[in-house]
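One structure is given below, encoded as structure tokens.
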Amino acid sequence: MLDLKFIRENPELVKQGVTNKNEKDTVDEILGVDKVRREKLQRVEALKAERNKASQEVQQLKRAGENADEIIIRMRSVSDEIKALDDELRGIGDQLTELLSWVPNLPHESVPVGKSEGDNIESDKWLPEGFSFEKPEYVVDHLEIGTKLDILDFERGAKLSGSGFPVYKGKGATLERALINYMLDYHLQNHGYTEIMPPLLVNADSMRGTGQLPKMAEDMYHMEKDDLYAIPTAEVPITNLHRNEILNEEELTVKYCGYTQCFRREAGSYGKDSKGFLRTHQFNKVEMVKFAKPETSYDELEALVADATDILKALNIPYRILTLCTGDLSFSAAKCYDIETWSPAENKWLEASSCSNFEDFQARRANIRFRNKETKKPEFVHTLNGSGLATSRLMVSILENYQTAEGTIIVPEPLRKYTGFDVIG
RNA sequence: GGAGGGGUGGCAGAGUGGUUGAAUGCGGCGGUCUUGAAAACCGUUGAGUCUUGAUCGGCUCCGGGGGUUCGAAUCCCUCCCCCUCCGCCA
């Protein structure tokens with residue numbers, strides 16, 4: 001959520017940012033409603049001040065044993081007027097909140113202006129020694145090798161749940177689990193994160209807090225009976241851990257890291273990159289979340305990207321980093337880097353991680369603050385998160401980049417102590 | 001699913017319908033004392049919002065919503081959440 005006062009004082013800036021993000025510009029509508037609201041607010045508050053004063057007088061008169069009927073009768077009508085105005089204000093307030101909840105975060109000034117993913121900028125690239133974009137003859141895509149080695153079973157997954165629900169089998173399941181454990185341990189031991197294992201079902205307040213609601217409602221699984229949502233990312237429960245809390249400045253930066261399964265309906269994206277792991281309804285992800293002081297949040301963002309790419313380097317997987325342009329930024333993000341890994345079989349880069357700074361956008365929605373040591377006043381924290389990383393996309397990279405001419409998969413060295421085997425097939 | 005108890009400031013915990021934004025304790029901050037620290041003592045310490053250039057000031061907030069009243073943390077209705085016990089189950 002943007003600060004209403006900020007919108008009021010910088011309408012042109014907000015309009016520009018919203019337009020650059022390809023979102024609807026409702027600034028004038030918001031300012032109009034806001035103006036009406038403030039006028040009525042001032043009126044009702046003046047009436048309330050009058051009422052409060054009169055109530056004191058009634059008390060004093062009664063104590064003195066005098067008659068207060070005149071005031072009481074007068075205040076009766078004032079109270080009615082207050083009630084009517086309050087009703088009106090509630091409606092206006094709801095309208096304003098609704099309008100504000102649809103306003104996206106503004107892009108940071110360092111974000112390139114652009115319309116779509118074609119305008120993203122490649123800001124870094126890392127290739128293992130001896131790597132070539134030339135695909136070896138024998139390399140087949142992850143679906144084919146996974147089926148052949150009997151480690152992935154999408155067909156039975158479809159029988160159980162529908163398409164997009166993968167089944168991992170045998171060494172495939174073990175490899176997946178190894179990846180998760182390896183990444184978690186890496187972040188805990190080398191990057192100073194604290195592990196969190198959160199609920200996978202959360203309430204609507206949590207979804208609003210991180211900005212999934214209202215915009216992404218159609219993309220989430222919703223349990224109607226209990227009004228709970230299946231999390232699309234661990235970002236939701238982990239960021240909301242501190243919803244409605246005031247943190248101590250000394251505690252910052254708070255760094256959490258957690259593994260969860262993630263659930264996405266992916267409504268409207270059928271047929272688009274939908275083969276095998278490229279787009280699934282359920283997948284595994286290790287997520288990193290930070291609560292930072294405003295002045296350090298952009299440094300923390302760079303560190304977050306480094307934390308994620310450390311893993312790819314250790315696994316020897318080619319990757320590149322994209323700085324997303326304004327048009328490709330998500331609703332809540334002020335700045336975002338995508339990390340993409342190379343898929344030889346698809347002959348393209350696949351997104352394996354997204355690292356974002358939300359500045360105070362989520363914090364304002366979720367009311368996450370810290371007490372400024374100097375001013376002693378609470379201020380909104382900056383929240384950040386990044387995948388570290390999504391295993392399904394990593395699995396594609398491993399199954400393709402570690403394929404041998406014999407049709408086997410070499411287990412990346414760092415994962416071996418977790419898998420207990422060196423080769424699949 | 002059944003029965004009961006409870007939701008008050010960072011925490012614990014009082015609160016007769018009328019200077020209660022809220023006693024008290026702890027914690028935090030500042031100070032006295034001390035070589036320094038602890039202890040002790042003194043003082044101080046909620047958030048949001050409107051108005052203003054900034055103060056001053058106004059208003060709101062005792063789980064959420066509604067009601068009664070001139071006036072509600074306090075009375076009534078309703079919803080939510082938490083805890084304990086019983087039942088069922090992993």
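Throughout, a chain's letter reflects where its sequence line sits, starting with A, and its residues are numbered from 1.
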Practice task
Could I get the full list of ring-ring contact (aromatic ring centres under 6.0 Å, His included) partners for A:Tyr259, not counting sequence neighbours?
Solution key: none
Handout entry: Listed once per pair and sorted, the ring pair (Phe, Tyr, Trp, His ring centres under 6.0 Å) pairs that draw on residues 76-116 of chain A, sequence neighbours left out
Key = A:His108-A:Tyr298
Fill in the blank from the handout: To the nearest angstrom, the CD1-C1' distance between A:Ile246 and B:G28 comes to 13 Å
Completion exercise
Rounded to the nearest 0.5 Å, the OG1 atom of A:Thr408 sits from the CD1 atom of A:Ile145 at a distance of 7.5 Å
Problem - Phosphate OP1/OP2 of B:C59: any A:Arg51 side-chain N/O under 4.0 Å - result: no
Handout entry: Where at least one partner belongs to residues 352-375 of chain A, residue pairs that pass ring pair (Phe, Tyr, Trp, His ring centres under 6.0 Å), sequence neighbours excluded
Key = A:Phe331-A:Phe361
Practice task
To the nearest Å, give me how far apart CD (A:Glu245) and P (B:A47) are.
Solution key: 17 Å
Exercise for the section: Scan side-chain atoms only and decide if A:Ser206 and A:Asn203 contain a donor-acceptor pair under the 3.5 Å cut-off. Expected result: yes
Exercise for the section: Can you tell me which residue pairs pass the ring pair (Phe, Tyr, Trp, His ring centres under 6.0 Å) test with a partner in residues 203-226 of chain A, sequence neighbours excluded? Expected result: A:His222-A:Tyr229
Exercise for the section: Tell me what A:Arg364 touches on the nucleic acid: a base, only sugar-phosphate, or nothing, going by heavy atoms under 4.0 Å. Expected result: nothing
Exercise for the section: Between A:Lys5 and A:Arg369, name the one whose nearest nucleotide on RNA chain B is closer to the 5' end. Expected result: A:Arg369
Practice task
Name all pairs fulfilling the salt bridge (Lys or Arg N to Asp or Glu O under 4.0 Å) condition that reach into residues 165-183 of chain A, sequence neighbours left out, sorted by first residue then second.
Solution key: A:Asp150-A:Lys169
Problem - P spacing across the pair B:C50 / B:U55, given as an integer number of angstrom - result: 13 Å
Practice task
Report yes if a side-chain nitrogen or oxygen of A:Arg371 is closer than 4.0 Å to either non-bridging phosphate oxygen (OP1 or OP2) of B:A47; otherwise report no.
Solution key: yes
Practice task
Under the salt bridge (charged side-chain N to carboxylate O under 4.0 Å, His left out) rule, collect the residues that match up with A:Asp28, sequence neighbours excluded.
Solution key: A:Lys15
Exercise for the section: Would you give the length of the straight line joining atom CG of A:Asn284 to atom OG1 of A:Thr391, rounded to the nearest 0.5 angstrom? Expected result: 4.0 Å
Exercise for the section: Tell me which of A:Leu4 and A:Lys53 sits closer to the 5' end of RNA chain B, going by the nucleotide each one is nearest to. Expected result: A:Leu4
Problem - Rounded distance in Å between the C1' positions of B:G18 and B:C75 - result: 14 Å
Exercise for the section: Compare all side-chain heavy atoms of A:Leu96 with those of A:Leu4 and state whether any distance is below 4.5 angstrom. Expected result: yes
Practice task
Classify the nucleic acid contact of A:Arg37 as base, sugar-phosphate or nothing, counting any heavy atom under 4.0 Å across all strands shown.
Solution key: nothing
Problem - Residue that, paired with A:His142, satisfies side-chain contact (heavy atoms from CB on, under 4.5 Å) out of A:Ile409, A:Ile398, A:Leu399, A:Thr147 - result: A:Leu399
Problem - Within residues 42-49 of chain A, residues whose heavy atoms come under 4.0 Å of RNA chain B - result: A:Gln42, A:Glu45, A:Lys48, A:Ala49
Exercise for the section: Check whether any side-chain heavy atom of A:Arg90 lies under 4.5 Å from a side-chain heavy atom of A:Asp87, and answer yes or no. Expected result: yes
Problem - Euclidean distance, A:Lys83 NZ relative to A:Leu47 CG, rounded to 0.5 Å - result: 14.0 Å
Handout entry: Nearest-Å distance once atom P is located in both B:U20 and B:A3
Key = 41 Å
Fill in the blank from the handout: note: A:Asn244, atom CG; B:G9, atom C1'; distance rounded to Å ~ 15 Å
Handout entry: Partner residues of A:Asn52 under the side-chain contact (heavy atoms from CB on, under 4.5 Å) criterion, sequence neighbours left out
Key = none
Completion exercise
Taken to the nearest whole Å, CG/A:Asp69 to P/B:G71 is 14 Å
Within the sub-3.5 Å range, which N or O atoms of nucleotides 15-18 of chain B have a protein N or O partner, and how far apart are they?
{"from": "B:G18", "atom 1": "O2'", "to": "A:Gln59", "atom 2": "OE1", "distance (Å)": "2.0"}
{"from": "B:G18", "atom 1": "O2'", "to": "A:Gln59", "atom 2": "NE2", "distance (Å)": "2.2"}
{"from": "B:G18", "atom 1": "N2", "to": "A:Ser55", "atom 2": "O", "distance (Å)": "3.2"}

Problem - Atom C1', compared across B:C70 and B:G13: separation rounded to whole Å - result: 33 Å
Practice task
Could you summarise the pairing of RNA chain B as dot-bracket text, marking Watson-Crick and G-U pairs under 3.5 Å with ( ) or [ ] inside the strand and | across strands?
Solution key: ((((((((.[[[..)..(.....]]]((((((.......))))))(((((......))))).[[[[[..)....]]]]])))))))....
Completion exercise
In numerical order, the residues of residues 74-88 of chain A whose heavy atoms come under 4.0 Å of RNA chain B are A:Met75, A:Arg76, A:Ser79, A:Lys83
Practice task
Would you classify A:Asn52 as touching base, sugar-phosphate or nothing, given that sugar-phosphate means primed atoms plus P, OP1 and OP2, and contacts are heavy atoms under 4.0 Å?
Solution key: sugar-phosphate
Practice task
Could you pull out all residues at least two apart from A:His382 that satisfy ring-ring contact (aromatic ring centres under 6.0 Å, His included)?
Solution key: none
